[in-house]
Protein chains: 2
Amino acid sequence: MNADQLIRHAHGRVTPARTRVLTTLLDAERALTHLEVAERLAPAVALDRVTLYRTLDWLVEQALAHRVAGEDRTWRFNASPGGAPAHHAHFNCTRCGQIFCIEALTPALALQLPPDFHAQQIELSIKGLCAGCNPA
Amino acid sequence: MNADQLIRHAHGRVTPARTRVLTTLLDAERALTHLEVAERLAPAVALDRVTLYRTLDWLVEQALAHRVAGEDRTWRFNASPGGAPAHHAHFNCTRCGQIFCIEALTPALALQLPPDFHAQQIELSIKGLCAGCNPA
DNA sequence: CGTCGATACGCAACACGGTTGCGAAATAGG
DNA sequence: CCTATTTCGCAACCGTGTTGCGTATCGACG
Ligand SMILES: [Mn+2]
Ligand SMILES: [Mn+2]
Ligand SMILES: [Zn+2]
Ligand SMILES: [Zn+2]
């Protein structure tokens, strides 16, 4: 299913912005910041900063993408192919800041919480060095 | 060990700012934002915004505190009594944004990563409703 | 294929958490 | 006390993300 089909499937208008942004996310090998998406679009498509933010937000609302908070206080966006929520772990490189999805890991929800606390979702973030930053 | 002793033990100058901030963190029942720390100091001590940021950073450097990134892109600070790193999970309330340390949980570091990836630390963040926000 | 209402876009201004540079004040050692 | 060094306060700045509003575009329908 390509970007346009996914957008139509979500009952959204197909616009160049949405098509190009979602395609970019689908092609990406890792989670991308707003700026990284913009760079991958340019110079073919000069998209306004705000439009890009709103497009990314829309994709998240429609569950076509999910976003992860990094240590540097910037969101990273990642396509959710199956429309599935982000029930996988993320690897967070402490040197270059890149965030990779680790699909293989699905943390179990069985854990001991204080009374009256109600868990909705578990986010497992592994910090370390990515392949590009690992000296070994 | 009180705040001043911990500061001296880290070979740092004992100043009112450091004493009061660290005491505040030690007394806190959960991770506090910069603003929450400021509120708990005032009006007895009127600390400059920047001084508070630098004091918190210093405490983190000295491993007297650790900080957690929340969904709202603001750091939350938490005293590290034993000088130990934050090898415990955090509960992140999706309604009020408060972050609580869950000391009981120590995620195992044995997991499958892509080749050449090197894990340094695991951060387990549980999202849900805290006791104050839980309707049940 | 043209019309038109709902939706999306672009621009400008703003909000907010956090940082930087630098001169003035406070700390701790002698 | 006196002084070297660290820390503080102020002002200005930065980057990410948001809001308001008028204009352009999409696509449904005739
Ligand atoms: Mn992901
Ligand atoms: Mn903690
Ligand atoms: Zn890296
Ligand atoms: Zn809550």
Side-chain angles (χ1 to χ4, degrees), chain A residues 3-24 31-39 41-62 64-77 96-99, chain B residues 3-22 24 31-39 41-62 64-77 97-99:
Chain A
D4 284 6
Q5 294 173 312
L6 288 165
I7 293 167
R8 251 184 282 268
H9 195 259
H11 306 290
R13 282 195 186 174
V14 178
T15 68
R18 287 180 181 169
T19 304
R20 303 296 301 263
V21 171
L22 183 50
T23 303
T24 304
L32 300 181
T33 63
H34 157 269
L35 196 63
E36 288 169 333
V37 174
E39 282 167 357
L41 294 175
V45 185
L47 214 52
D48 187 77
R49 243 164 47 88
V50 177
T51 301
L52 179 47
Y53 276 117
R54 290 202 266 234
T55 302
L56 290 167
D57 286 349
W58 184 84
L59 291 173
V60 171
E61 270 171 35
Q62 305 303 318
L64 294 173
H66 60 273
R67 60 181 193 179
V68 205
E71 287 291 288
D72 54 1
R73 302 191 318 288
T74 67
W75 294 113
R76 320 249 162 178
F77 296 85
C96 66
Q98 289 186 91
I99 294 184
Chain B
D4 284 6
Q5 293 173 313
L6 288 164
I7 293 166
R8 250 184 281 269
H9 195 258
H11 305 293
R13 282 194 186 176
V14 177
T15 68
R18 287 182 180 167
T19 303
R20 302 297 300 261
V21 171
L22 183 49
T24 304
L32 301 181
T33 63
H34 156 270
L35 195 64
E36 288 169 334
V37 174
E39 281 166 358
L41 294 175
V45 185
L47 213 51
D48 188 76
R49 239 162 51 86
V50 178
T51 300
L52 178 48
Y53 276 117
R54 290 200 267 236
T55 302
L56 290 167
D57 286 349
W58 184 84
L59 291 173
V60 171
E61 270 171 35
Q62 306 303 319
L64 294 174
H66 60 273
R67 61 182 192 179
V68 206
E71 286 292 287
D72 55 0
R73 303 188 316 286
T74 66
W75 294 113
R76 319 247 162 179
F77 296 83
Q98 289 186 89
I99 295 184

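Here is how names work: the chains are called A, B, and so on, in the same order as the sequence lines, proteins then strands, and each is numbered from 1.
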I need the [atom1]-[atom2] distance between [X] and [N], as an integer number of Å.
X      : N       : atom1 : atom2 : answer
H34(A) : dT18(D) : NE2   : P     : 10 Å
Y53(A) : dG15(D) : OH    : P     : 12 Å
D57(A) : dG17(D) : CG    : P     : 9 Å
L59(B) : dT7(D)  : CG    : P     : 11 Å
R54(A) : dT19(D) : CZ    : C1'   : 8 Å
E61(B) : dT7(D)  : CD    : C1'   : 13 Å

Hey, is the main chain of [Y] close enough, under 3.5 Å, to the side chain of [X] for a donor-acceptor pair?
X      : Y      : result
R18(B) : R13(B) : yes
T24(B) : R20(B) : yes
E39(B) : E36(B) : no
R49(A) : A38(A) : no

**Per V50(A) side chain, nearest of listed nucleotides dA12(D), dC10(D), dT18(D)** = dT18(D)

**Request:** Could you check which of dT6(D), dG9(D), dC8(D) has an atom nearest any side-chain atom of D48(B)?
**Result:** dG9(D)

**Prompt:** T15(A) side chain N/O closer than 4.0 Å to the phosphate oxygens (OP1, OP2) of dT25(D)?
**Reply:**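 No, no such contact exists.
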
Under 4.0 Å between any heavy atoms, over every strand shown, what does [X] touch: base, sugar-phosphate, or nothing? Just pick one.
X      : result
D72(A) : nothing
T51(B) : base
R18(B) : sugar-phosphate

**Prompt:** Taking atom types as they are modelled, is there a donor-acceptor pair under 3.5 Å from the base of dT6(D) to the side chain of R13(B)?
**Reply:** yes

**Item:** Presence of donor-acceptor pair under 3.5 Å, side chain of R73(B) and base of dG17(D)
**Value:**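 Absent.
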
**Request:** Could you tell me from which nucleotide to which nucleotide of DNA chain C, 5' to 3', there is an atom under 4.0 Å from chain B heavy atoms?
**Result:**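 Using the under 4.0 Å cut-off, the span is dG17(C) to dA28(C).
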
**Asked** Would you say D57(B) and R67(B) make side-chain contact, with heavy atoms under 4.5 Å?
**Response**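 Yes, side chains in contact.
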
**Message:** Just to verify, which of I7(A), L59(A), T15(A) counts as forming a side-chain contact (heavy atoms from CB on, under 4.5 Å) with V21(A)?
**Reply:** L59(A)

**Item:** Euclidean distance, T55(B) OG1 relative to F77(B) CZ, rounded to 0.5 Å
**Value:**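 F77(B) CZ to T55(B) OG1: 10.5 Å, rounded to 0.5 Å.
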
**Message:** I want to confirm an ordering. Mapping G12(A) and P16(B) to their closest nucleotides on DNA chain D, which one lands closer to the 5' end?
**Reply:**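 Of the two residues, P16(B) wins.
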
